[in-house]
Each structure stands twice: as C-alpha cells, then as structure tokens.
Amino acid sequence: MFIRQQYAFIGLDGDSVEVRRKGEVLGRAPLRRVGELMIYGNGGISTRLVQKCATEGIPVSFCTPLGWHVGTLRPDSRAWFDRITAHGMRHARMGSRQRGGIAAALVAAKVDNALLWLRPRLGGAGAGLVARGREVLEALATTDDAGKAMGLEGSFARQAFPAVNGLVRDEAFRSAVRTPRRKPDRWNALLDFAYSQLFTRLNVLVRGEGLNPYLGFLHSPADRYESLVADLQEPFRHRMDRWAVNVVNCGVVRAEAFAHEGGKWRMTPVALDPLLHAFEEELDTRMAGDEATLREQLTAQVLHARRWACEEGEFLVCRRGAWVG
C-alpha cells in the first residue's frame with residue numbers, strides 16, 4: 001500500500017488501514033490485504049497501526065517524496081531473521097561461475113526486452129542494433145563470467161542509447177551519449193530521474209521482503225550501494241526508456257521544465273508532480289504481450305528472488321513477459 005499524499009495521517013480503523021488528511025478520508029483498505037506499507041514524504045502513522053503491523057508481520061517503509069528509501073520498520077520475528085540468514089548463506093556458498101550465470105541471465109533479459117520494444121519502432125533503421133543485440137544474446141548464452149556479461153551489456157547499451165533518443169520528437173532533448181548522474185543535457189537528467197524511480201521502488205520491495213539488498217551478482221556485492229537492487233532493475237530498464245520517450249512526446253514534460261545550474265541540467269520543482277503522476281501510471285500499465293503490469297512484475301521479480309534466497313528454486317528473471325532461469 002503506497003501513501004503519497006503529503007501531510008496525511010495513516011491510522012487503524014477496526015481491521016482496516018485508513019488514510020486521512022484534514023479530517024477527510026482519502027482511502028481505506030483491509031489490513032489483511034496489505035503486504036507492506038510504504039509512506040512517501042511528510043506523513044504520520046499511529047502507534048496502534050505500527051503495533052498491529054509488527055504483530056501481523058507487515059513491514060512499514062518510509063521514503064522521501066521522490067521515493068528514496070529512508071528506513072523500514074521490519075517484523076521482529078524468527079521467520080524474518082531466518083530469511084536474512086538463508087539469503088546470506090546461499091549467496092556465500094555460490095562460486096564465481098554460479099554468480100556469473102545469474103549475471104548473464106539478467107543482462108540477457110535486459111537486452112532481449114529492449115529489442116522486443118525497439119524493433120517495431122525502429123523498423124529498417126534498427127537493423128544494426130538488432131543484429132548487435134543477437135550477437136550479445138548469443139555470447140551471453142555461453143558465458144558465466146560476470147565481468148564479461150557487464151562488458152556485453154555496456155556495448156549494447158552504448159549502441160541502443162542513440163536509437164532510443166532518436167524516438168524523441170523534441171530537439172531540446174537530443175543527446176549524444178549516456179552520462180549517468182552528471183546531467184549534461186535534459187535527456188540524461190530525465191533518464192536519471194526515471195532510473196532512480198525504478199531503483200527506489202525495487203529497493204523498498206527488496207527490503208520489505210527481508211532480503212539483503214547489498215548481495216548482487218552482476219553488480220559486485222563489494223560495492224557500497226545496493227547491488228542486488230541494481231541487478232533486479234536491469235530487466236526493466238526498457239520500461240524507463242519507453243516512459244521517458246512518452247512523457248516528452250506527449251508533452252508531460254517540456255524543455256522549460258529544466259534549468260541549467262552549476263553545469264548541470266536539473267528539473268524545476270513544477271515538473272515533479274506531473275512526472276511522478278505519469279510514473280505511477282506507468283507502474284500500472286501492462287504492455288502488449290505481458291501478463292502483468294509493471295508494478296506487478298516488479299513485485300513478482302522480488303518474490304522470485306526471495307524464493308531463490310530461501311532455496312525454493314532457481315533464480316528467475318523477467319524476459320519477454322515470462323519468467324526464465
């Protein structure tokens with residue numbers, strides 16, 4: 001259950017979660033249907049509800065208005081700590097080849113999903129990218145080396161970037177190369193925003209399921225950031241590219257929504273509300289051929305990771321709308 005209304009108060013009404021603001025009831029849901037509470041920005045929560053969530057094993061996560069994870073109140077149960085222990089032990093028992101195999105599967109899902117989306121939109125102009133994508137997929141099918149998988153991912157991403165940017169109609173969003181976090185142009189700044197939204201949603205889901213977010217495969221577990229979360233977002237990167245193209249082409253965000261400050265392009269505050277609303281709509285969008293919305297796919301991806309962590313099967317990733325190992 002996501003609560004994004006600023007200055008709302010979340011309390012307990014009988015056996016239901018109730019959200020109020022200035023005396024007005026904004027929403028209500030039976031607690032038995034809530035798997036996790038996620039509170040964005042400046043909101044309050046009653047002590048009774050916190051106690052009830054602790055009793056029922058429901059984690060409560062707090063995030064900034066833009067979705068950055070601040071902290072999670074986790075259930076204080078044996079099962080919760082057993083899951084964390086099981087995840088750590090399974091990851092520690094893996095050899096480099098096993099980790100590399102999962103890394104290759106994550107990259108293959110990313111490339112294949114991107115090709116599925118791009119091929120009909122690029123037509124004949126995308127023949128070179130499609131050919132390169134097939135070469136990358138063939139190489140990934142025979143490797144269990146995480147370093148090689150990351151190199152293949154990088155080479156495909158560099159070729160795919162101008163193809164995706166070419167779908168944007170507004171010349172103000174033209175970009176020559178992907179430069180993360182430096183925001184040298186409007187398009188890079190918009191992609192940073194999109195990818196950060198995907199990352200933070202997965203981060204909250206991973207923590208809510210009692211997984212260690214720092215135990216990655218493609219991205220090294222030695223990194224200081226949440227490497228498992230960075231891994232899990234790879235199969236869904238194309239959805240963020242699609243979203244960014246759509247919000248520009250549909251006029252949700254325009255060139256004047258960005259300001260150049262300190263050598264970087266930054267979104268002005270007025271752009272945030274419509275972009276966050278558009279992102280929520282994307283989460284609830286089901287693409288042709290998929291069996292679930294993006295929000296449902298993200299949740300399912302984390303649940304598959306949890307099952308793997310508890311040794312209930314192989315590590316499955318979302319590829320072409322299906323779950324493959």
Side-chain angles (χ1 to χ4, degrees), residues 2-8 26-27 38 40-42 63-68 110 113-114 116-122 126 157 160-205 233 235-261 264-290 292-299:
F2 296 84
I3 298 97
R4 286 190 53 245
Q5 179 68 51
Q6 297 300 290
Y7 306 107
L26 303 179
M38 303 179 191
Y40 291 79
N42 302 304
C63 305
T64 67
L66 288 179
W68 289 106
K110 174 181 181 176
N113 291 343
L116 183 65
W117 169 60
L118 283 170
R119 185 184 291 112
R121 287 157 182 82
L122 297 177
F161 180 83
V164 173
N165 185 245
L167 298 174
V168 178
R169 302 190 190 106
D170 191 337
E171 291 296 323
F173 287 86
R174 287 284 170 253
S175 179
V177 64
R178 173 69 178 140
T179 311
R181 296 176 294 280
R182 297 182 184 178
K183 300 175 174 57
D185 50 55
R186 294 178 177 88
W187 183 246
N188 269 283
L190 182 60
L191 287 183
D192 280 351
F193 175 82
Y195 295 153
S196 70
Q197 289 299 304
L198 176 64
F199 183 90
T200 54
R201 297 304 172 99
L202 280 167
N203 196 8
V204 171
L205 290 170
Q233 72 176 346
F236 306 100
R237 290 268 194 178
H238 70 293
R239 291 295 299 265
M240 298 300 96
D241 295 341
R242 171 188 181 273
W243 176 83
V245 169
N246 285 346
V247 295
V248 174
N249 289 348
C250 295
V252 176
V253 62
R254 301 181 185 276
E256 54 268 27
F258 293 80
H260 195 253
E261 303 172 354
K264 295 183 178 182
W265 286 93
R266 304 180 187 277
M267 282 187 295
T268 58
V270 70
L272 293 181
D273 278 350
L275 283 177
L276 286 172
H277 180 72
F279 186 81
E280 291 293 330
E281 289 184 339
E282 181 67 18
L283 288 175
D284 291 322
T285 297
R286 180 174 63 86
M287 291 180 63
D290 288 348
T293 65
L294 176 57
R295 191 191 305 275
E296 292 166 339
Q297 288 180 331
L298 297 180
T299 301

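- For the residue pair Thr179 and Asn188, the shortest heavy atom distance occurs at N-OD1, 2.7 Å.
- A donor-acceptor pair under 3.5 Å links the side-chain atoms of Arg186 to the main chain of Ala255, judged by distance alone.
- Under a cut-off of 6.0 angstrom, the local environment of CZ in Arg169 is sparse, with at most 12 non-hydrogen atoms contributed by other residues, nucleotides or ligands.
- Note that NE2 of His238 and CH2 of Trp117 are 8.5 Å apart. Values are rounded to the nearest 0.5 Å.
- Contact of the Leu118 side chain with the Asp241 side chain is not registered, since no non-hydrogen atoms from C-beta on lie closer than 4.5 Å.
- The backbone N or O of Phe173 sits less than 3.5 Å from a side-chain atom of Asn165, completing a donor-acceptor pair.
- No cation-pi contact links Arg201 to Phe236, judged by a cut-off of 6.0 Å to the six-membered ring centre and 45° from its axis.
- Inter-residue side-chain proximity for Trp187 and Val245 is flagged as met; some heavy-atom pair is nearer than 4.5 Å.
- Taking 4.5 Å as the limit, every side-chain heavy atom of Ile3 sits out of range of all side-chain heavy atoms of Leu26.
- Listed here is the closest heavy atom pair of Arg254 and Gly251: NE-O, 3.8 Å.
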*What's the verdict on side chain to side chain contact (heavy atoms under 4.5 Å, CB included) for Val252 and Phe279, showing C-alpha distance, side-chain angles and the deciding distance?*
CA-CA 11 Å; Val252 176; Phe279 186 81; over 6 Å; no

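- Nearest heavy-atom pair, Val247 versus Ala278, reported as atom, atom and distance to 0.1 Å: CG1-CB, 4.0 Å.
- Between atom CG of residue Leu276 and atom CZ of residue Phe193 there is a gap of 4.5 Å, rounded to the nearest 0.5 Å.
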*asked:* As a quick check of understanding, evaluate side chain to side chain contact (heavy atoms under 4.5 Å, CB included) for Arg295 and Glu280, giving each step before the final call.
replied: CA-CA 9 Å; Arg295 191 191 305 275; Glu280 291 293 330; 3.0 Å; yes

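- Remark: Met267 CE to Leu190 CG distance equals 6.5 Å, nearest 0.5 Å.
- Of the inter-residue distances, the one linking Leu294 atom CG with Leu198 atom CG reads 7.0 Å to the nearest 0.5 angstrom.
- In this structure, CG on Leu116 lies 7.0 Å from CE on Met287, to the nearest 0.5 angstrom.
- Contact of the Leu283 side chain with the Thr293 side chain is not registered, since no non-hydrogen atoms from C-beta on lie closer than 4.5 Å.
- With hydrogens and angles disregarded, a donor-acceptor distance shorter than 3.5 Å links the side chain of Gln6 to the backbone of Tyr40.
- Of all non-hydrogen atoms in Thr268 and Ala259, the two that sit nearest each other are CG2-CB, 4.1 Å.
- Side-chain contact between Thr299 and Leu205: present, with at least one pair of heavy atoms (C-beta onward) separated by less than 4.5 Å.
- Counting non-hydrogen atoms of other residues, nucleotides and ligands closer than 6.0 Å to CZ of Arg182 gives a total of 12 or fewer.
- Remark: of the listed residues Leu167, Val164, Thr285, Thr285 is the sole one forming a side-chain contact (heavy atoms from CB on, under 4.5 Å) with Arg242.
- With salt bridges taken as basic N to acidic carboxylate O contacts below 4.0 Å, one links Lys183 and Asp192.
- Checked against Glu282 for a side chain to side chain donor-acceptor pair (under 3.5 Å), the options Arg239, Gln197, His277 give a single hit: Arg239.
- A side-chain donor-acceptor contact under 3.5 Å links Arg174 to the backbone of Val168.
- By the 4.5 Å heavy-atom criterion applied to side chains, Phe199 and Met240 are not counted as neighbours.
- The shortest side-chain heavy-atom distance between Thr200 and Cys63 does not fall under the 4.5 Å cut-off.
- When all heavy atoms of Leu191 and Ala244 are compared, the closest pair comes out as CD2-CB, 3.9 Å.
- Heavy-atom minimum distance, Trp265 versus Ala189: O-CB, 3.4 Å.
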